[in-house]
Amino acid sequence: MEGSSYQIDLGNLMAYDPNHHFQSIPSSRGELANHCLEKGTEMVQAIANSLFSLPSTESRDGPVVKLPLPTTKLPREKHLPKPKPPTKWEEFAKMKGIKKRKKNKRVWDEQTSSWKRTHGYDRANDDRDIPILDAKSTDEVGVDPFAKRSAEKKERVKKQEKNRLENLKKAAKAGALPSHIQLAATALPITGTKKDVPKKASKDELESVAGMAATSTASGGKFDKKLPGEKPPKHSGKHRKFLPVVEGKGIGSKEKQQTEKILNQLLSKSSHEILDVNKAVTMFNVKKEKQRKKDKDANPGKSGKLKPNKKSFKKTSTKKKP
Amino acid sequence: MQIRAPKTKRAKRELDKRAPKLVENVKKTLILHGTKTSAVLNSVLTELYHLKRDNAVKFSKKNENIKPFESGGETSLEFFSHKTDCSLFAFGSHSKKRPNNLVLGRTYDHHIYDLVEVGVENFKSIESFEYDKKLAPKIGSKPLFAFIGEEFESVDELKHLKVVLLDFFRGEVVENLNLTGVDRVFVCTALSSKTILLMHCALRLKKSGTSIPRMELVEVGPSMDLVVRRHRLPSESLLKEAMKTPDHAKKIKNVTSDVIKGKTGRIYIPDQKVGDMPLSNNIKGLKRERREAKQNKESKKRKTESE
């Protein structure tokens with residue numbers, strides 16, 4: 001049955017027969033299976049024919065062939081990696097023409113006269129191992145040069161961290177952040193206030209809020225069904241705050257405050273003699289303005305302020321006597 | 001902003017394994033089930049796991065809130081796909097309306113790419129087949145595929161199912177293949193416009209006269225009828241993005257680099273047609289008035305011609 005030609009994709013080791021269709025599906029399962037196996041065998045043979053005729057190399061496990069690229073395109077699993085934008089140093093190096101130089105893992109250390117590693121524990125030419133520093137003319141009196149050196153180193157390290165963060169931010173903007181690094185926000189965003197940052201409720205907060213809400217029930221939350229893991233409420237039952245019975249001599253300050261507050265509220269509402277000075281002044285001014293407007297409307301010509309000056313400009317008596 | 005980097009080299013290596021790469025890792029499969037499963041479906045899922053032992057993850061708990069075809073029900077799936085780094089999944093569920101339901105899906109960047117929902121019928125498990133145990137295919141060997149039926153080309157659902165099955169069982173894409181290691185084949189026959197018969201067989205290579213051995217198929221593995229119920233193709237933009245191949249370095253023509261000369265290029269100039277070139281009227285040999293007169297005459301002539 002060499003008539004039908006199969007579409008063979010060697011890269012995927014796949015064969016497809018586009019010309020087959022069942023006129024009538026065989027009634028029994030066994031017959032169907034056999035039919036399929038027969039057709040399958042033919043197609044597998046066809047794949048094997050092309051597979052075994054590929055040039056093969058001998059390896060210790062057997063003949064190895066080089067497969068061509070698969071023809072059926074299948075979708076990728078993840079997106080294509082995006083190219084990293086050059087870092088600030090890389091741009092500078094490109095501009096200046098600086099090329100990378102290979103560093104050795106071990107360097108000769110003058111102080112101990114031995115080979116030490118360049119980076120890491122017990123490294124060569126370590127900044128901290130210098131025992132004596134020569135005093136320079138630019139040094140101030142009373143300044144510890146060793147402390148100054150370590151402070152400078154700290155500054156350099158901080159600057160480098162800042163630059164590294166800037167480079168990573170640039171890469172993240174381009175979508176090319178290295179896969180093992182994550183950038184986490186620690187501060188507030190530029191716009192908005194503290195209110196806009198959604199505050200994550202802490203565990204203790206949630207516990208106390210649940211308890212507080214329970215007190216609004218008729219029985220004060222005593223018979224509420226407890227969720228698994230919920231602790232019993234700390235201050236169970238409704239309660240009011242009572243002032244201490246004895247507080248100093250005579251009437252205590254808290255009781256004084258309480259009574260004062262209540263008295264003020266009562267008196268301000270019912271008193272007729274109490275005058276609100278500001279309100280009275282405003283009322284008076286408003287009344288005055290209204291009156292003035294009314295007068296203006298009644299006699300439009302005679303505006304009180306803008307009247308012409310009646311002084312004459314004729315030169316009469318003021319004659320200069322020679 | 002704070003930089004969060006892994007503290008151990010091992011953690012860094014693990015994260016780098018999951019990073020997007022030019023040449024990708026083998027696609028891992030996530031096998032899980034929903035609230036209710038039948039006995040048939042359970043064995044289907046376990047056998048699928050056995051077929052893909054090295055790169056599959058099987059969850060044993062039931063997942064209530066996963067509904068792949070609904071818009072909200074796929075968040076859990078995407079989360080699991082991200083955590084286990086699996087880009088293929090097989091979700092089994094059983095209900096009265098959809099008995100023995102199996103949803104085969106693929107993800108792109110840990111978001112749902114496409115889905116095919118099939119019903120499993122006439123399932124025969126691996127235990128029910130009797131064969132010489134020496135022929136059993138080894139775990140991780142690259143399978144052959146045989147798709148039979150014109151419906152795989154004409155019907156949309158089966159076309160989709162074909163690529164999904166290929167993706168599921170393909171395994172690693174290799175350049176060099178050891179010929180003694182081919183020992184399994186998946187035979188898919190289209191029975192109607194909605195049903196296919198999937199069989200898994202072991203290969204026996206027999207001596208023939210020529211260097212090409214004779215193939216013999218022995219049915220070993222699970223065999224089942226898959227009835228396509230629903231399917232969702234990927235959106236156009238997602239399809240385009242997922243099918244992008246890395247750019248091969250463009251070959252620049254006519255540029256060669258030489259050790260002595262450096263970078264050299266060839267420029268091709270077309271032939272000058274000396275006869276057809278118009279002569280200029282700015283003849284420096286003539287005296288000025290004559291030259292200018294000639295120039296004006298020519299320009300006048302051109303003006304009248306253009307009018």
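Residue numbering restarts at 1 for every chain, and letters A, B, ... go by the order of the sequence lines.
- Atom NZ of K78(A) and atom CD of E24(B) lie 7.0 Å apart (nearest 0.5 Å).
- Listed here is the closest heavy atom pair of M43(A) and I148(B): SD-CG1, 3.5 Å.
- Using a 4.5 Å cut-off between heavy atoms, V187(B) contacts chain A through its side chain alone, with no backbone atom that close.
- Judged by distance alone, the side chain of R76(A) and the main-chain N or O of L22(B) form a donor-acceptor pair under 3.5 Å.
- Contacts of T72(A) with chain B are made by side-chain atoms alone, with heavy-atom separations under 4.5 Å and no backbone atom involved.
- Interface remark: L177(B) contributes backbone and side-chain atoms alike to the contact with chain A (heavy atom separation under 4.5 Å).
- Residue L88(B): no heavy atom, backbone or side chain, is found under 4.5 Å from chain A.
- Checked by atom type and distance alone, the side chain of Y16(A) pairs as donor or acceptor with a backbone atom of E153(B) at under 3.5 Å.
- Rounded to the nearest 0.5 angstrom, M14(A) CE and L144(B) CG are separated by 11.0 Å.
- For the pair N19(A)/E150(B), no side-chain contact is recorded, criterion being any heavy-atom separation below 4.5 Å from C-beta on.
- Taken to the nearest 0.5 Å, the CD1 atom of I212(B) stands 4.5 Å off from the CG atom of N49(A).
- When heavy atoms are compared at a cutoff of 4.5 Å, K21(B) approaches chain A solely by way of its backbone atoms N, CA, C and O.
- Contact annotation for M199(B): only side-chain heavy atoms (C-beta onward) come within less than 4.5 Å of a heavy atom of chain A.
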Criterion side-chain contact (heavy atoms from CB on, under 4.5 Å) on L179(B) and F52(A), from CA distance to verdict: CA-CA 8 Å; L179(B) 290 174; F52(A) 281 81; 3.9 Å; yes
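- Proximity of Y108(B) to H79(A): side-chain heavy atoms (C-beta onward) are separated by under 4.5 Å at one or more points.
- Contact of K28(B) with chain A is made through the backbone alone, with heavy-atom distances under 4.5 Å.
- If you measure heavy-atom distances from V164(B) to chain A, you find no contacts under 4.5 Å at all.
- Residues V174(B) and L67(A) come closest through the heavy atom pair O-CD1, 3.8 Å.
- Between atom CG of residue N176(B) and atom OG of residue S56(A) there is a gap of 11.5 Å, rounded to the nearest 0.5 Å.
- Contacts between K82(A) and chain B at a heavy-atom distance below 4.5 Å are absent for every atom of the residue.
- Side-chain atoms of Q2(B) do not come within 3.5 Å of backbone N or O of A184(A) as any donor-acceptor pair.
- In this structure the side chain of P75(A) never reaches within 4.5 angstrom of the side chain of V163(B), judged on heavy atoms.
- Once rounded to the nearest 0.5 Å, the distance linking CZ of R13(B) with NE2 of H180(A) reads 13.0 Å.
- Of all heavy-atom pairs spanning D16(B) and S179(A), the tightest one is OD1-OG, 2.9 Å.
- Both the backbone and the side chain of L183(A) have a heavy atom closer than 4.5 Å to some heavy atom of chain B.
- For the pair S87(B) and E77(A), the tightest heavy-atom approach, listed with the atom from each and the gap, is OG-OE2, 2.9 Å.
- Contact annotation for P143(B): only backbone heavy atoms (N, CA, C, O) come within less than 4.5 Å of a heavy atom of chain A.
- Side-chain contact check for F22(A) versus T189(B): some heavy-atom pair is nearer than 4.5 Å.
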Test side-chain contact (heavy atoms from CB on, under 4.5 Å) applied to E216(B) and T41(A), step by step: CA-CA 6 Å; E216(B) 207 181 281; T41(A) 322; 5.8 Å; no
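- Remark: Q182(A) CD is loosely packed, at most 12 non-hydrogen atoms of other residues, nucleotides or ligands lying under 6.0 Å away.
- For a residue to count as touching a neighbouring chain, one of its non-hydrogen atoms must lie under 4.5 Å from one of that chain's; by this rule I47(A) touches chain B with the side chain only.
- Remark: K84(A) NZ is loosely packed, at most 12 non-hydrogen atoms of other residues, nucleotides or ligands lying under 6.0 Å away.
- Only the side chain of L203(B) comes within contact range of chain A, judged by heavy atoms closer than 4.5 Å.
- Within 6.0 Å of CZ in R18(B) there are more than 12 heavy atoms belonging to other residues, nucleotides or ligands.
- The shortest side-chain heavy-atom distance between P20(B) and L80(A) does not fall under the 4.5 Å cut-off.
- Put simply, the side chain of E175(B) never gets that close to the backbone of P68(A): no donor and acceptor are under 3.5 Å apart.
- The part of I25(A) that comes within reach of chain B is its side chain, from C-beta onward, which places non-hydrogen atoms under 4.5 angstrom from that chain.
- For the atom pair CZ (R29(A)) and CG (N122(B)), the distance works out to 4.0 Å, reported to the nearest 0.5 Å.
- With a 4.5 Å cut-off on non-hydrogen atoms, Y113(B) touches chain A through its side chain but not through its backbone.
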